[in-house]
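Positions are given from 1 along the sequence. Only heavy atoms go into these numbers, but all of them, side chains included; no hydrogens, no water, no symmetry mates.
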Amino acid sequence: MAKAAKGAAKKAVVKKALTKSQLVAHLAEKTELSKKQVDAVLTTLVDTVTEQLKGPGKFVFPGLARMTLTKVEAKKGGEKKINPLTKTEYVTKDKPAYNKVNIRPIKAIKTALA
């Protein structure tokens with residue numbers, strides 16, 4: 001019986017990330033704004049971040065993080081390699097170019113989580 005209680009306690013400790021609706025409800029409760037207003041602010045914030053990353057390629061969220069856009073070049077395939085696990089030969093595939101978003105938290109957040 002005691003083992004079952006320990007197992008249940010461990011499962012209760014596991015925390016999950018907030019969903020968007022949970023975040024909106026939490027922010028609405030803390031700021032005393034309506035959920036509709038908070039949702040509008042979040043939507044506008046996402047749009048602003050997207051515009052800034054597409055334009056200048058940088059966005060600073062004051063007191064939280066810095067975001068930068070990095071363009072990763074395409075990689076040519078066709079190279080023969082050997083799989084180290086199975087020792088079989090294979091040919092690499094082409095990788096297209098893509099945009100990568102880098103997010104760096106501010107120092108205060110790094111130290112708070114350390």
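The two atoms that bring M67 and L53 nearest to each other are O-CD2, 3.9 Å, heavy atoms only. Here the shortest heavy-atom pairing between K35 and A25 reads CE-CB, 3.9 Å. Closest approach of Q52 and P56 over heavy atoms only: O-CD, 3.0 Å.
Atom NE2 of H26 is separated from atom OG1 of T31 by 9.5 Å, given to the nearest 0.5 angstrom.
Under the 4.5 Å side-chain criterion, counting only non-hydrogen atoms from C-beta, D39 is in contact with K20. Side chains of L27 and L33 form no contact here, defined as non-hydrogen atoms less than 4.5 Å apart.
Transitive grouping of hydrophobic side chains (ILVMFWY, heavy atoms separated by less than 4.5 Å) keeps I106 and V60 in distinct clusters. Hydrophobic cluster membership differs between V41 and V49, with clusters built from Ile, Leu, Val, Met, Phe, Trp and Tyr side chains linked at under 4.5 angstrom. Cluster annotation: F61 and V101 are assigned to the same hydrophobic cluster (Ile/Leu/Val/Met/Phe/Trp/Tyr, side-chain heavy-atom contacts under 4.5 Å, transitive). Criterion: ILVMFWY side-chain heavy atoms under 4.5 Å apart, direct or through other members. Under it, V38 and V46 are not part of a common hydrophobic cluster. By the criterion of side-chain heavy atoms lying less than 4.5 angstrom apart, applied directly or through intervening Ile, Leu, Val, Met, Phe, Trp or Tyr residues, L69 is grouped together with L64 in one hydrophobic cluster.
The side chain to side chain donor-acceptor pair (under 3.5 Å) pairs that include a residue from residues 89-114 are T70-N102, where partners are two or more places apart or lie in different chains.
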